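What follows is a single structure, written as structure tokens, with notes after it.
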Amino acid sequence: MKKPQLATNLSENLEKLNVNREKASKLFADVIEKAVKKSKPDTPAVLETDLDNQLANQPAPLKIAVLGGGSFGTAMANLSSKNGCEVTLWVRDKRSVKSMQKTHINKKYLPDHKLDERLQFTHDLQAAVKGKDLIFVAVPSAAFRETLQKIAPFISAQAIVSLTKGMEKDTFALMSDVIADELPNVAFGVMSGPNLAKEIMNNMPSATVIASQSAALRLAVQTALHSAFFRVFASDDLIGVELGGALKNIYAIAMGMAAAYDIGENTKAMILTRALAEMSRFGVQAGANPLTFLGLSGVGDLYATCSSTLSRNYQIGNMLGRGMSLDQAIKKLGQTAEGINTIQQVNEKAMKAGIYMPITHALHDIIYEDKAPLGVALNLMEAGFRSDVEFVMPHQVQPTHN
Ligand SMILES: NC(=O)C1=CN([C@@H]2O[C@H](COP(=O)(O)OP(=O)(O)OC[C@H]3O[C@@H](n4cnc5c(N)ncnc54)[C@H](O)[C@@H]3O)[C@@H](O)[C@H]2O)C=CC1
Ligand SMILES: O=C(CO)COP(=O)(O)O
């Protein structure tokens, strides 16, 4: 197999960007210093305008395509464009492209936000990806393979980064597996973290993780997206980072459902930490480093998604908890909630591999076997004596009585 390669101009671009980055950091520092000195602090919007004005004339060598015009693809395209990259957002629907070209607003997914004026829109996949350094893929997992198959003829040496947090239906493939299948010679990575799109669009400080075996790719993504309100951390545990993003959707559904029963903080804390135990147990079986689940893409994303009504997975769980059927809840949401499919995939995989995943099994019973939520929850509480952190004390160890 040929060795993965990056776009030939990516390294050159990175060298130029490093110089620009130093200048940019200095500008950020100046703006922040000015803001701190003011008796009445500036709002993020004022700060951002200040930064934009200062950075307006920086050269923009990184060329980026973002595939998927939903809320997250749009947010990342906007962020990288504001950072001075040359960005094209590919959107499947021709009418949406026309409307975005005219208004620079994504009416369906982010109607309250004017997008960066420099951002380009297209529904032509070839035009979107040809000659780019980086391609971010932000379509739902159900459309991921088909999208890669469509761009394959136009891939020469672009690097691919998955933003998708899910698993392929029926195959249990993660998006990185799909990339390796469909584009075996490209450098690739996955980006995942507590990244609710609407908060990012509102300039609420956020952070994420880029995971890849390629140091050049990690640096390219950090350079493209890192900004005053968005930090990009790096990892080489691709499977751990990717599983964190996919698995937490299951527990956001559980938390949304539990919230419909007015649970207290103790109960929320129990669900969150036992979810983390399940995630890391599953991750370790798949080859991930358990410590990755203590990072932004693990507990960070788990916390954000399980606490926020902005999360579509949480919303689905909440609607189910309030008595709606799955079909009604999906229809009402009208957006992607990856966890619905992930529950099925992970439940099946865990059963086959003998991995103890009681919350996932419980959700599966409620959603797909029509069992009563309260009874299932009470059963969960009777699951016997176990150790708290099994990487500290394996759960098979029983207390001795002598
Ligand atoms: N929205 C968020 O806050 C975040 C989402 N993600 C992940 O990003 C992925 C995309 O999510 P969102 O942008 O939020 O979804 P969304 O529901 O807002 O939008 C999905 C987009 O994909 C398009 N699409 C659907 N089927 C398609 C197909 N067959 N071919 C091409 N395009 C298709 C839709 O037209 C729509 O533009 C998901 O895996 C999600 O878990 C990751 C981080 C944050
Ligand atoms: O992944 C997300 C935040 O990090 C978005 O979660 P939802 O897909 O549940 O909205």
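Whatever order the structure lists them in is the order used to number ligands and atoms, beginning at 1. Note that the coordinates shown come from a computational prediction; the quantities given were computed from them, not determined experimentally. FYI, the numbering just counts along the sequence from 1. All heavy atoms count here, side chains included; hydrogens, waters and symmetry mates do not.
- Nearest protein neighbour of atom 36 (C) of ligand 1, counting heavy atoms only, is Tyr109 OH, 3.4 Å.
- Closest approach of Leu196 and Ala304 over heavy atoms only: CD1-O, 4.2 Å.
- A 6.0 Å sphere centred on CD of Glu348 holds no more than 12 heavy atoms belonging to other residues, nucleotides or ligands.
- Looking only at heavy atoms of the protein, atom 8 (O) of ligand 1 is closest to Leu163 O, 3.6 Å.
- Here the side chain of Asn202 pairs no donor or acceptor atom with the backbone of Met204 at under 3.5 angstrom.
- Polar contact with ligand 1: present for Gly70 (N/O pair, distance under 3.5 Å).
- Taking every non-hydrogen atom of Lys165 and a distance limit under 4.0 Å, the qualifying atoms of ligand 2 come out as 1 (O), 2 (C), 3 (C), 4 (O).
- For atom 35 (O) of ligand 1, the nearest protein heavy atom (residue, atom name, distance) is Arg92 NH2, 3.2 Å.
- Within a 6.0 Å sphere centred on CZ of Phe233, heavy atoms belonging to other residues, nucleotides or ligands number more than 12.
- Residue, atom and distance of the protein heavy atom nearest to atom 18 (O) of ligand 1 are Ser71 N, 2.9 Å.
- Listed here is the closest heavy atom pair of Ala220 and Leu62: O-CD1, 3.6 Å.
- The backbone N or O of Ala288 sits nowhere less than 3.5 Å from a side-chain atom of Asp237 that would complete a donor-acceptor pair.
- Contact between Ala138 and ligand 1 is present, with at least one heavy atom of the residue lying under 4.0 Å from the ligand.
- The proximity of Asn313 to ligand 2, defined as any non-hydrogen pair under 4.0 Å, involves the side chain as well as the backbone.
- Nearest non-hydrogen protein atom to atom 22 (O) of ligand 1 is Pro140 CD, 3.2 Å.
- In summary, the atoms of ligand 2 found under 4.0 Å from a heavy atom of Asn195, numbered by their order in the structure, are 3 (C), 4 (O).
- Atoms of ligand 1 found under 4.0 Å from any heavy atom of Ala197 (numbered from 1 in listed order, with element): 1 (N), 2 (C), 3 (O).
- Looking at Gly166 next to ligand 1, no N or O pair under 3.5 Å apart turns up.
- At a heavy-atom cutoff of 4.0 Å, ligand 1 is contacted by the backbone of Leu196 but not by its side chain.
- The protein heavy atom nearest to atom 8 (O) of ligand 2 is Arg312 NH2, 2.9 Å.
- When heavy-atom distances to ligand 2 are checked against a 4.0 Å cut-off, Thr305 comes that close only through its side chain, counted from C-beta outward.
- Listed by atom number, the atoms of ligand 1 under 4.0 Å from Gly69 heavy atoms are 37 (O).
- For ligand 2 and Ser311, the ligand atoms under 4.0 Å from any heavy atom of the residue are 7 (P), 9 (O), 10 (O).
- Contacts between Thr74 and ligand 1 below 4.0 angstrom, taking non-hydrogen atoms only, are absent altogether.
- For Gly68, the closest heavy-atom approach to ligand 1 does not fall below 4.0 Å.
- Across every non-hydrogen atom of Ile271 and Ile359, the tightest pair is O-CD1, 4.1 Å.
- Of the heavy atoms in Trp90, only side-chain atoms (C-beta onward) come closer than 4.0 Å to ligand 1.
- Proximity annotation for atom 11 (O) of ligand 1: of Glu338, Gln335, Arg312, Lys165, Arg312 comes nearest, heavy atoms only.
- Between Arg274 and Glu278, none of the side-chain N atoms (NZ, or NE/NH1/NH2) sits under 4.0 Å from a carboxylate O, so this pair counts as no salt bridge.
- Close contacts of ligand 2 with Pro194, meaning ligand atoms under 4.0 Å from a residue heavy atom, involve 4 (O).
- The single protein non-hydrogen atom nearest to atom 16 (P) of ligand 1 is Thr336 OG1, 3.5 Å, given as residue, atom name and distance.
- Within the 4.0 Å heavy-atom cutoff, Phe136 does not count among the residues contacting ligand 1.
- Distances between N or O atoms of Thr147 and those of ligand 1 include no value under 3.5 Å.
- What you find for Val376 and Ala362 is that their closest heavy atoms are CG1-CB, 3.3 Å.
- Among protein heavy atoms, the minimum distance from atom 44 (C) of ligand 1 is reached at Asn195 O, 3.0 Å.
- A salt bridge links Lys165 with Asp301: the distance from a Lys NZ or Arg NE/NH1/NH2 to an Asp or Glu carboxylate oxygen falls below 4.0 Å.
- With hydrogens and angles disregarded, a donor-acceptor distance shorter than 3.5 Å links the side chain of Ser387 to the backbone of Met393.
- At most 12 non-hydrogen atoms from other residues, nucleotides or ligands lie less than 6.0 angstrom from NZ of Lys352.
- For atom 5 (C) of ligand 2, the nearest non-hydrogen atom from the set Lys248, Glu338, Glu199, Gln335 belongs to Lys248.
- At under 3.5 Å, a nitrogen or oxygen of Phe72, whether backbone or side chain, sits near a nitrogen or oxygen of ligand 1.
- Under 4.0 Å is where a charged nitrogen must lie from a carboxylate oxygen, and between Asp181 and Arg145 at least one such pair does.
- Annotation for ligand 2: atoms under 4.0 Å from non-hydrogen atoms of Asp301 are 3 (C), 4 (O).
- In terms of heavy-atom proximity, Ala65 sits nearest to Val129 at CB-CA, 4.3 Å.
- Between Ile160 and Val186, the shortest heavy-atom distance links the atoms CG1-CG2, 3.7 Å.
- Atoms of ligand 1 found under 4.0 Å from any heavy atom of Thr164 (numbered from 1 in listed order, with element): 39 (O).
- In summary, the aromatic rings of His395 and Phe385 are positioned with their centroids too far apart to meet the 6.0 Å limit.
- For ligand 2 and Gly193, the ligand atoms under 4.0 Å from any heavy atom of the residue are 4 (O).
- Taking the six-membered ring for Trp and the full ring otherwise, Phe136 and Phe188 have centroids separated by 6.0 Å or more.
- Test Thr336, Asn341, Asn313 against Asn249 for side chain to side chain donor-acceptor pair (under 3.5 Å) and you get one pass: Asn313.
- Under 4.0 Å from ligand 1, not a single heavy atom of Lys108 appears.
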